[in-house]
Amino acid sequence: VAAATFTVEEPAPSSGTEAAPGTNGKRPAPEESQIRKIKQMTDRIDPHVLTSLGLTAKSNAGQGNCVFLMLPQALVFCRKTAQPMIASATRAAIVAELQAKSHVFEALFDGQDSRNQPMSWAKYLTHMNTNGNYGGPLELLAASQRWNLQICVVRPKMETVPIGAG
């Protein structure tokens, strides 16, 4: 079963008060050029192409949580859950999967957090359990194993990346 969600993280409006990277789990406010780049990317996505693939485009506030906001929608579509989970519950389930299979996932871990800062595996698990920290390939792989999904990461003008066997 193909997942029916294509997610685009929308940057939050800049208030000028966001914390620096790596502090309080918040990411810095996006630059105007980043906002334009994201808008241009989403404008190139043809909704008819997505529909023909059984996908829908859904924007979300993101703020480092886009993976954890998108997955509950896909899980409902794939009938893996009856009701959408909240993002924090999805994050907790994925971190629990990472912990339960640490012998596998730690071997794949590159020793860096979601902001490319050096970090031990134990600290990484705590880091990933915190709202606002980006999920990446390890979290998508853990989700694919937890819910028996094949997840395809579609990136405009880049190779589509399949994750998991589903």
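FYI, the numbering just counts along the sequence from 1.
- Taking CD of Gln150 as the start and SG of Cys78 as the end, the distance is 11.0 Å to the nearest 0.5 Å.
- The backbone N or O of Asp113 lies less than 3.5 Å from no partner atom in the side chain of Lys123, so there is not a single donor-acceptor pair.
- Note that OH of Tyr134 and SG of Cys66 are 8.0 Å apart. Values are rounded to the nearest 0.5 Å.
- Linking ILVMFWY residues whenever their side-chain heavy atoms come closer than 4.5 Å, directly or via other members, places Phe109 and Phe105 in the same cluster.
- Atom CD of Gln117 is separated from atom CD of Gln112 by 8.0 Å, given to the nearest 0.5 angstrom.
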Fill in: Worked verdict on Ser88 versus Asn131 for side chain to side chain contact (heavy atoms under 4.5 Å, CB included)
CA-CA 7 Å; Ser88 60; Asn131 184 45; over 6 Å; no
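- Here the straight-line distance linking atom OG of Ser102 with atom CD of Glu97 works out to 10.5 Å at 0.5 Å rounding.
- Side-chain atoms of Glu139 come within 3.5 Å of backbone atoms of Gly136 as a donor-acceptor pair (strictly under, hydrogens ignored).
- In this structure, Ala87 and Leu69 approach most closely via the heavy-atom pair CB-CD2, 3.7 Å.
- The nearest pair of heavy atoms linking Pro72 to Thr90 is CG-OG1, 3.1 Å.
- Atom CZ of Arg146 sits about 11.5 Å away from atom CG of Leu71, to the nearest 0.5 Å.
- Between the side chain of Arg91 and the main chain of Met128, a donor-acceptor pair closer than 3.5 Å is present.
- Under the 4.5 Å side-chain heavy-atom criterion for Ile, Leu, Val, Met, Phe, Trp and Tyr, Leu140 and Leu125 are members of the same hydrophobic cluster.
- Here the OG1 atom belonging to Thr126 is positioned 7.5 Å from the CD atom belonging to Gln99, to the nearest 0.5 angstrom.
- Ile94 and Trp121 fall within a single hydrophobic cluster, where Ile, Leu, Val, Met, Phe, Trp and Tyr side chains are chained together by heavy-atom contacts under 4.5 Å.
- Proximity of a side-chain donor or acceptor of Asn65 to a complementary backbone N or O of Phe68 within less than 3.5 Å is not detected.
- The two atoms that bring Leu98 and Ala142 nearest to each other are CD2-CB, 3.8 Å, heavy atoms only.
- Transitive grouping of hydrophobic side chains (ILVMFWY, heavy atoms separated by less than 4.5 Å) brings Val95 and Met85 into a common cluster.
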